[in-house]
Amino acid sequence: MDTYDLITRNAEEVVTEEEVRELADDPDGKRVYVGYEPSGVLHLGHLLTANKLIDLQEAGMEVVVLLADVHAYLNGKGTFEEIRETAEQMKAQFIAYGLEEDNTEFVYGSEFQLDEEYTLDLQELQVSTTLNRAQRAMAEIAGNETAKVSHVVYPLMQTLDIEYLDLDLAVGGLDQRKVHMLAREELPELGYDVRPALHTPIVADLTSGEGKMSSSEGVTISMEDSTEELEEKVNSAFCPPTRDPEDDLENPVLELFEYHVFPRFEEIVVERPEKYGGDLTYEEYETLAEDLESGELHPADAKSTLATYLDELIEPGREKLREIRD
Ligand code: IYR
């Protein structure tokens, strides 16, 4: 695959294409990052951006994972002690999932965000950014709870992280886009360079195909799920064989194949008894989606195959969690 295609595959938004093309021309040693608020165990939301980081490592880039402890604290996720303990577990799960250990720099936000220079820059940003702008940037991240002062400081710090971690590219889910847009506007005001951003899609809720899959509401799949729990969740997923052009519903089963399974496996085998036509093998997501639509692939077979592959993907992280907790 061409480097630009590898860097941008499955991205919902590339800001800007021209800037990312320039990176793709000379990717070696370029620094990219995703920041995560440590909370709970890894779920599919985290793994979607982790898949992108694995693509970027394959493209020759240096990956930085920000364990955003100060951000989690500002967003009400617990005490520093609790947050750090979760962060250490997250780090172990990311490595188990497939981020190359020698090629991934894990950084705690508190390692640099409390330094004097950073703090002074933060204060400058607080002077130059309107309350309204910071609140809007934060709306998708904190939901309806943007009423605390900490919630408007948060996106300004995320803006500075891009400079202070010396990054060439910022990666995040689409819910981070307004923060990245704020960063593109504000960094030059402080005399720093604008950096490109890549945004991964938001996967729809598993049981309804509406809205987004979320760990706080509805069903999500995490590294805590047993094989049986995972099978049960996938089996009850919404999976209409054909799409009704009248509605906006997504097919979450197809989305999980596209964003989670195909990027990590060379080929997908759907096991079927001979009397139902025997095994099907797919190298590309599109062929599987077409077969589901045409009826060649039954939703029940698609689901059981999805569960098998997701189980394989989360097994090393599940094992790691077991080790840590025992
Ligand atoms: N806002 C992210 C966490 C986060 C991301 C980056 I990129 C940072 O520089 C800091 C924090 C979230 O919603 O999880």
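All residue numbers in this chain count up from 1 along the given sequence. We count ligands from 1, going down the list as the structure has it; atoms in each ligand are counted the same way.
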For this session: Decide if atom CD of Glu229 counts as having more than 12 heavy atoms of other residues, nucleotides or ligands within a radius under 6.0 Å.
Result: yes
Exercise. Should the heavy atoms of other residues, nucleotides or ligands under 6.0 Å from OH of Tyr282 be counted, would the total exceed 12?
Worked result: yes
Problem set entry | Between Asp121 and Tyr164: side-chain donor-acceptor atoms closer than 3.5 Å | yes
Exercise. Should you measure from each heavy atom of Ile141, which atoms of ligand 1 turn up under 4.0 Å away?
Worked result: 1 (N), 13 (O)
Exercise. To which protein heavy atom is atom 7 (I) of ligand 1 closest, and what is the distance rounded to 0.1 Å?
Worked result: Tyr33 OH, 3.0 Å
Exercise. Tell me, which protein residue and heavy-atom name are nearest atom 13 (O) of ligand 1, and how many Å apart are they?
Worked result: Gln176 NE2, 2.9 Å
Exercise. What is the nearest protein non-hydrogen atom to atom 8 (C) of ligand 1, stated with its residue, atom name and distance?
Worked result: Gln158 CG, 3.2 Å
Problem set entry | Side-chain donor-acceptor contact under 3.5 Å, Gln57 with Thr104 | yes
Exercise. Nearest non-hydrogen atom to atom 9 (O) of ligand 1 belongs to which of Asp69, Val70, Asp161?
Worked result: Asp161
For this session: Scan side-chain atoms only and decide if Tyr33 and Asp166 contain a donor-acceptor pair under the 3.5 Å cut-off.
Result: no
Seminar exercise, completed: The closest protein heavy-atom partner of atom 3 (C) of ligand 1 is Tyr154 OH, 3.4 Å
For this session: Could you tell me whether Leu66 approaches ligand 1 through its side chain, its backbone, both or neither, with non-hydrogen atoms closer than 4.0 Å?
Result: side chain
For this session: Please check if any side-chain donor atom of Thr49 sits under 3.5 Å from a side-chain acceptor atom of Tyr36, or the reverse.
Result: yes
